Amino acid sequence: MPYAGKISAGQKMNWSDPYESDDYEFVPSVMAAQGRFCCRIDGDSMFDLLHPDDLCVFHPHRSPRLNLVVLYRHFDMTGTIKQLKHDGERFILHPTNPAYEDVHAQGDCLGYLVGIVRKWGSREVMVYDPDGITP
């Protein structure tokens with residue numbers, strides 16, 4: 001599956017399209033589907049749902065889907081992974097870690113989270129929902 005690298009809130013993305021990557025990661029076959037891509041988590045803004053170095057699989061989707069965890073690219077080309085909410089006026093990117101604050105979504109939704117693969121000692125733990133993962 002195309003691997004877009006590590007994603008951290010506020011970090012510049014060095015790609016404009018996740019499919020531009022020359023890198024690939026193996027994911028459980030149930031998560032593999034046409035057009036999906038993956039990245040690793042760098043940071044703790046979505047803790048305890050997502051941990052640093054988790055492998056996250058995204059289903060490409062440009063239209064916002066409320067309450068799902070999305071990969072979002074701001075207009076300044078910084079990226080973040082957050083839960084998408086709406087405050088009645090605007091879309092909000094909500095971190096699950098209470099140490100961080102919500103930010104207004106200004107940019108593009110690239111996809112929603114459908115799979116998480118976490119190394120836990122010598123084991124791998126997997127979470128998968130083809131309809132999208134919510135915290």
Side-chain angles (χ1 to χ4, degrees):
M1 175 172 296
Y3 174 68
K6 287 196 171 200
I7 304 292
S8 177
Q11 179 180 358
K12 293 270 187 194
M13 293 179 169
N14 61 358
W15 45 265
S16 57
D17 186 323
Y19 307 105
E20 292 175 354
S21 176
D22 291 330
D23 296 325
Y24 293 88
E25 278 279 347
F26 290 101
V27 298
S29 60
V30 70
M31 294 183 191
Q34 180 88 20
R36 288 187 178 162
F37 59 94
C38 62
C39 65
R40 289 205 179 270
I41 299 298
D42 186 22
D44 65 351
S45 67
M46 290 299 290
F47 189 80
D48 67 344
L49 174 67
L50 300 176
H51 294 208
D53 215 36
D54 281 354
L55 183 65
C56 294
V57 176
F58 287 88
H59 185 82
H61 201 272
R62 300 285 180 177
S63 299
R65 295 194 57 196
L66 290 178
N67 296 318
L68 295 182
V69 175
V70 298
L71 173 58
Y72 204 85
R73 181 179 56 214
H74 297 283
F75 291 130
D76 66 359
M77 294 303 286
T78 58
T80 193
I81 297 170
K82 301 283 186 284
Q83 182 180 23
L84 187 67
K85 295 192 171 249
H86 200 277
D87 68 2
E89 294 180 23
R90 297 185 231 179
F91 287 107
I92 301 295
L93 298 172
H94 174 71
T96 55
N97 185 337
Y100 297 89
E101 295 192 16
D102 292 348
V103 295
H104 292 285
Q106 298 177 350
D108 300 307
C109 180
L110 300 179
Y112 58 90
L113 183 67
V114 294
I116 303 166
V117 179
R118 178 176 300 148
K119 296 277 187 193
W120 195 3
S122 61
R123 294 178 284 163
E124 270 189 358
V125 178
M126 177 184 82
V127 176
Y128 176 68
D129 185 339
D131 297 322
I133 294 174
T134 58

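Nothing here was measured: the structure is a model prediction, and the numbers come from that model. Nothing fancy with the numbering, it's 1 onward along the sequence.
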> Which atom names give the shortest non-hydrogen contact between His94 and Met46, and what distance separates them?
Replying inline: O-SD, 3.8 Å
Side-chain touch [X]/[Y], heavy atoms, less than 4.5 angstrom:
X	Y	answer
Val70	Cys109	yes
Tyr128	Pro28	no
Pro52	Asp42	no
Leu55	Ile116	no
Leu50	Ile81	yes
Lys82	Tyr100	no
Phe58	Cys38	no
Val57	Met1	yes

>> I'd like to know whether Asp53 forms a salt bridge (charged side-chain N to carboxylate O under 4.0 Å, His left out) with Arg118, so could you lay out the CA-CA distance, the side-chain angles of the two residues, the decisive distance to 0.1 Å, and finally the verdict.
In response: CA-CA 8 Å; Asp53 215 36; Arg118 178 176 300 148; over 6 Å; no
> Under 3.5 Å, is there a donor-acceptor pair linking the side chains of Tyr112 and Asp131?
Replying inline: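 Judged by distance alone, the side chains do not pair up.
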Check whether any side-chain N or O of [X] sits under 3.5 Å from a backbone N or O of [Y] as a donor-acceptor pair, and report yes or no.
X	Y	answer
Asp54	Cys56	no
Asn97	Ala99	yes
His74	Asp76	no
Tyr3	Phe37	no
Thr96	Phe47	yes

> CZ of Arg73 to OG1 of Thr80: how many Å apart, nearest 0.5 Å?
Replying inline: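 With rounding to 0.5 Å, CZ (Arg73) is 13.5 Å from OG1 (Thr80).
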> In terms of hydrophobic clustering (I, L, V, M, F, W, Y; side-chain heavy atoms under 4.5 Å; direct or indirect links), are Val103 and Leu84 co-clustered?
Replying inline: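 Same cluster.
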